[in-house]
Amino acid sequence: DFTVFGGSLSSAHAEKICKVMDMATKVGAPVIGLNDSGGARIQEGVDSLAGYADVFQRNVLASGVVPQISLIMGPCAGGAVYSPAMTDFIFMVESSSYMFVTGPGVVKTVTDEDVTKEKLGGASTHCSVSGVAHASFSNDVTALHSLRSFLDFLPLSNEKDTLPRRQSTDPADRVVTALNQLIPDDTNIPYDMTHVVKQIIDHGDLFQIMPKFAKNMLTGFARMNGRTVGIVANNPMTLAGCLDIDASVKAARFVRFCDSFNIPIITFVDVPGFLPGTSQEHGGIIRHGAKLLFAYAEATVPKITVITRKAYGGAYDVMSSKHLRGDANYAWPGAEIAVMGAKGAVEIIFRGEDVDTHTADYVSKFQNPLVAAQRGFVDDIIDPENTRRIICEDLEVLSGKKLDNPPRKHSNIPL
């Protein structure tokens, strides 16, 4: 409450927060934090810092047990940012909220750089540049209403029976004829995967997570026949749908949340590979790309994959392939599953000799889903219009899925 001592955290305030979080973990209820605070209460000294550490510990203990959501509605600076940072989702209010470890004054002193609060840690910065926040809203009222809508998708805890299922008026066997025309015939022409996803899910209701960050990867929550599902999809409208560092981290975090709370994951694949370049290699695309691979491989929830067009190279493996314990993997008739594109492959294999003839031969042999289907890597080649019906049927069958990973203290994801 910013009207009381600027919302600064005292030791008594921290005790109250810890009690609420302990009870939420005990009874299985989501934790929602509304942040509008000036930080630690300076006059209490180290007692205030100890209070923050106590809250941080509760954040860690509640992780994967109950959903934790932070709504930043004002300032959140210094050590105070680390509690929201450890929650599952961070939402911000545009123009009135900001998060940073060191404010503009300290930045000016240390680096002699002039920067505003908004540019340093405002909603636009964290939603589109840093990837710290998952969504932003125009004002406090809109933020609170959107938070309610978002909560409607989530379970109360990691208990499977708390996963919500709503009565659906959208027929599970609805034929989606529009999907037959959404994918361009020319594989080099982009299209918006969002339109594809909204045609398949219940009533086109998609709550996107991090829509302004790493736009080449689409993540969000939707429903299929009333069941909450997590959607992960490559979006060819940006970078041709290539996997880069930001997209890999964004999707990996989302997949791990879904797995923690028993939410089935539906993956739509149109990926020509990992984004090449020195900036990506020097930035650690190997390590960051491995996060998404690790997250999919470790997930034990129902995993359904649809290859809409391209699935090339290592990116094919990473995007919830059959080899990563995928439950149902499908391809549309025009899908291309291969080590790489025809032109690049022919230039390597035949050293540029008789390129046109060899390219046509390569396309007919490898650049289609038949070879993968023959080997069982794709369960079926389906008509796009039947995708919704098939996914709904699979979700019903997989609702009783039981799969356990080997016993261990915890895995060691390449952070």
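Just the heavy atoms: all of them, side chains too, but no hydrogens, waters or symmetry mates, feed the values below.
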Could you pull out all donor-acceptor pairs under 3.5 Å where a side-chain atom in residues 71-85 meets a protein atom, sequence neighbours excluded?
unit_1 : atom_1 : unit_2 : atom_2 : d
Ser83  : OG     : Asn59  : OD1    : 2.7

In sequence, state the C-alpha distance, the side-chain angles, and the governing distance for Arg166 and Asp205, and then conclude on salt bridge (charged side-chain N to carboxylate O under 4.0 Å, His left out). CA-CA 13 Å; Arg166 305 286 180 253; Asp205 184 15; over 6 Å; no
Please work out whether the ring planes of Phe261 and Phe257 are parallel, tilted or perpendicular, with thresholds of 30° and 60°. tilted
Counting heavy atoms not belonging to Lys119, are there more than 12 under 6.0 Å from its NZ? no
Indicate the ring-plane relationship of Phe137 and Phe207, choosing parallel, tilted or perpendicular according to the 30° and 60° boundaries. tilted
If you look only at pairs with a residue in residues 241-264, which of them pass as a salt bridge (Lys or Arg N to Asp or Glu O under 4.0 Å), with sequence neighbours excluded? Arg256-Glu298
Greater than 12 external heavy atoms within 6.0 Å of Asp185's CG: no
Just by distance, with hydrogens left out, do Thr169 and His203 show a side-chain donor and acceptor under 3.5 Å apart? yes
With rounding to the nearest 0.5 angstrom, report the CG to CG distance, Asn234 to Leu239. 11.5 Å
Taking it one step at a time, do Arg388 and Asp202 satisfy salt bridge (charged side-chain N to carboxylate O under 4.0 Å, His left out)? CA-CA 9 Å; Arg388 173 176 167 82; Asp202 288 1; 2.8 Å; yes
Name each donor-acceptor pair under 3.5 Å that joins a side chain in residues 263-270 to protein atoms two or more places apart or in another chain, with its distance.
unit_1 : atom_1 : unit_2 : atom_2 : d
Thr267 : OG1    : Tyr296 : OH     : 2.8
Asp270 : OD1    : Lys310 : N      : 3.2
Asp270 : OD2    : Tyr191 : OH     : 2.6
Asp270 : OD2    : Arg309 : NE     : 3.2

Short side-chain to backbone donor-acceptor contact, Lys322 and Asp327, under 3.5 Å: yes
Could you measure the distance from the CZ atom of Phe150 to the NE2 atom of His134? Nearest 0.5 Å is fine. 8.5 Å
N/O donor-acceptor pair under 3.5 Å between Asn262 side chain and Asn158 backbone: yes
